[in-house]
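Below: the structure, in structure tokens.
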Amino acid sequence: MKNKLLIVFVLFNISKNHAQNQKLEPYDQLVNDKLISIKMVPIPAGSYLMGSPLNEKGREADEGPQIIVNIEPFWMSATEITHDQFMAFRFEEKDLNPKPDAVSRPTAQYIDLTWGMGKEGGFPANSMQPYTAITYCKWLWKKTGIFYRLPSEAEWEYAAKAGKKTVYGENVSIQNLKNFAWFETNSNSKYHEVAKKSPNSWGLYDMMGNVAEWTMDRYDPKYFETIKQNPTGTNFIKRINFSSYHTAKGGGFRSPLTELRLSDRQPQTENWNKRDPQIPRSKWWLTDGAAVGFRIVRPIVPPSDADIEQFFKEALEIE
């Protein structure tokens with residue numbers, strides 16, 4: 001029995017190493033029969049220094065101490081998920097084939113949470129609770145058979161920095177930041193269509209500004225102390241206590257320069273949903289979180305179906 005286990009372990013590692021070493025290619029993930037798709041771009045494996053140095057302007061205490069994190073290859077959506085891509089989930093026609101099962105749909109919005117900033121035509125989906133974004137990933141898995149999820153904090157920062165030591169991104173400075181991001185000084189207090197600014201060197205648009213983006217991790221002020229025993233991109237921070245929320249990255253269209261720093265960490269607060277008229281407050285929408293959305297990732301080595309089911313069960317559990 002011991003030898004059989006050893007053979008299985010060796011074969012798994014050969015398969016995993018082969019997957020990691022193969023050349024990843026960009027592809028388009030179709031989400032419905034109306035030819036709406038999500039552009040997925042490859043992110044190579046690597047190690048990088050996560051967090052910010054002590055002398056970085058605007059740095060906060062929860063951004064370190066810096067730590068080297070090892071990242072396995074994955075695909076990431078080239079843009080924030082748009083309203084067009086999200087509506088394929090929210091208003092899916094019942095006769096579509098295959099039909100995802102056991103996936104609930106978001107409740108109707110009680111007001112126009114886009115606040116007139118734009119929907120169809122490539123505007124980012126916004127005012128999303130993490131629950132909504134993760135449910136979208138579950139729906140996409142049920143529909144396509146491919147496991148998608150939100151990025152971890154470590155994966156998001158690695159992809160945004162393109163593996164480099166940088167504050168705003170490779171070849172990005174305060175002087176040319178407006179060429180890469182919609183933020184406080186150039187957004188006119190609204191989000192804009194995705195991919196209208198320059199991408200980073202890995203083909204990712206709007207990693208800074210436009211809308212902030214949810215990660216899989218619950219916010220932990222001592223994040224770097226927590227992960228130092230296993231500094232990998234898939235070591236998610238789970239619920240710490242009842243009031244622990246997810247972490248958002250990248251800043252939004254109202255953000256100042258300091259919040260666009262790629263090491264900045266934004267914990268969700270009660271203020272993001274303070275005007276919700278529902279009792280209890282909606283698990284789907286954020287009344288005052290107009291500047292938060294999400295993008296998705298696909299790991300190169302997917303979990304088993306049973307592990308995926310357990311992943312979503314834990315991720316969507318509401319206490």
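Along the sequence shown, residues are numbered consecutively beginning with 1.
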For the pair Thr215 (side chain) and Ala248 (backbone), establish whether a donor and an acceptor sit closer than 3.5 Å, ignoring hydrogens and angles. no
Side-chain donor or acceptor of Asn176 paired with backbone N/O of Asn171 under 3.5 Å: yes
Result of checking Glu153, Glu60, Glu259 against Arg265 for side-chain hydrogen bond (donor to acceptor under 3.5 Å, both in side chains): Glu153
Those residues at least two apart in sequence (or on a different chain) that pass ring pair (Phe, Tyr, Trp, His ring centres under 6.0 Å) with Trp182 are His192
Has the side chain of Ser127 got a donor or acceptor atom that lies under 3.5 Å from a matching backbone atom of Leu113? yes
Evaluate the side-chain contact (heavy atoms from CB on, under 4.5 Å) criterion for residues Glu56 and Val167: first the C-alpha distance (whole Å), next the side-chain angles of each, then the deciding distance (0.1 Å), finally the verdict. CA-CA 8 Å; Glu56 185 171 301; Val167 177; 3.6 Å; yes
Please go through Ile68's hydrophobic cluster and name the other residues, only I, L, V, M, F, W, Y counting, with side-chain heavy atoms under 4.5 Å joining them. Leu49
Check Lys238 with Glu317, please: is the shortest side-chain N to carboxylate O separation under 4.0 Å? no
Do Leu35 and Leu30 make a side-chain contact, defined as non-hydrogen atoms from C-beta onward lying under 4.5 Å apart? yes
CG on Asp206 to CZ on Phe253, rounded to 0.5 Å: 13.0 Å
Is any NZ, NE, NH1 or NH2 atom of the basic residue among Asp288 and Lys274 found under 4.0 Å from an Asp or Glu carboxylate oxygen of the other? no
Shortest non-hydrogen pair, Gly64 vs Arg59, comes out as CA-NH2, 3.5 Å
Would you please test Trp285 and Asp276 for side-chain contact (heavy atoms from CB on, under 4.5 Å) and show each step? CA-CA 8 Å; Trp285 310 111; Asp276 187 342; over 6 Å; no
When the aromatic ring centroids of Phe294 and Tyr136 are compared, is their separation below 6.0 Å? yes
State, with a plain yes or no, whether a side-chain heavy atom of Ile134 is found less than 4.5 Å away from one of Leu316. yes
Using the test side chain to side chain donor-acceptor pair (under 3.5 Å), find all partners of Asn271 that sit at least two apart in sequence or belong to another chain. none
Do Asn210 and Glu80 meet the criterion of a side-chain donor-acceptor pair at a distance under 3.5 Å? yes
Does Met40 belong to the same Ile/Leu/Val/Met/Phe/Trp/Tyr cluster as Val194, with side-chain heavy atoms less than 4.5 Å apart forming each link? no
To the nearest 0.5 Å, what is the distance between CG on Asp217 and CH2 on Trp156? 13.0 Å
Give the C-alpha distance, both sets of side-chain angles, the deciding distance and a yes or no for side-chain contact (heavy atoms from CB on, under 4.5 Å) between Leu150 and Val297. CA-CA 6 Å; Leu150 302 182; Val297 301; over 6 Å; no
Hphob cluster co-occupancy, Met117 + Tyr205, side-chain heavy atoms under 4.5 angstrom: no
Less than 4.5 Å apart, side chain to side chain, heavy atoms only: is that true for Phe123 and Thr82? no
Ion pair Glu213/Arg295, N-O distance below 4.0 Å: yes
Could you tell me if Ser263 and Glu157 have a donor-acceptor pair between their side chains, going purely by distance under 3.5 Å? yes
Would you call the rings of His246 and Trp214 parallel, tilted or perpendicular if under 30° counts as parallel and over 60° as perpendicular? perpendicular
In the structure I gave you, are the side-chain heavy atoms of Ile146 and Gln29 within less than 4.5 Å of one another anywhere? yes
Ring-ring centroid check Trp202 Tyr158, cutoff 6.0 Å: yes
Is Asn70 reaching over with its side chain to a backbone N or O of Thr232, donor-acceptor style, under 3.5 angstrom? no
Going by salt bridge (charged side-chain N to carboxylate O under 4.0 Å, His left out), name the pairs with one or both residues in residues 173-202, residues two or more places apart or in two chains. none
N-O pairing of Glu155 and Lys249 below 4.0 Å: no
ILVMFWY cluster, Trp272 and Tyr219 together (side-chain gap under 4.5 Å): no
Once you round to the nearest 0.5 Å, how far does OG1 of Thr226 lie from CG of Asp220? 3.5 Å
pair Leu204-Ile43: side-chain heavy atoms closer than 4.5 Å: yes
For the residue pair Gly203 and Val41, what are the closest heavy atoms and their distance? O-CG1, 4.2 Å
Test salt bridge (Lys or Arg N to Asp or Glu O under 4.0 Å) applied to Glu63 - qualifying residues, sequence neighbours left out: Arg261
Interatomic distance, Ser201 atom OG to Lys161 atom NZ [nearest 0.5 angstrom]: 13.5 Å
Mind checking the CZ-CD1 spacing from Phe224 to Ile67? Nearest 0.5 Å is all I need. 8.0 Å
Between Arg105 and Val103 (side chain of the first, backbone of the second, donor and acceptor by atom type, cut-off under 3.5 Å), is there such a pair? yes
Once ring pair (Phe, Tyr, Trp, His ring centres under 6.0 Å) is applied, do any residues pair with Tyr27, and if so which ones, sequence neighbours excluded? Trp75
From OG (Ser255) to CE (Met208), nearest 0.5 Å: 11.5 Å
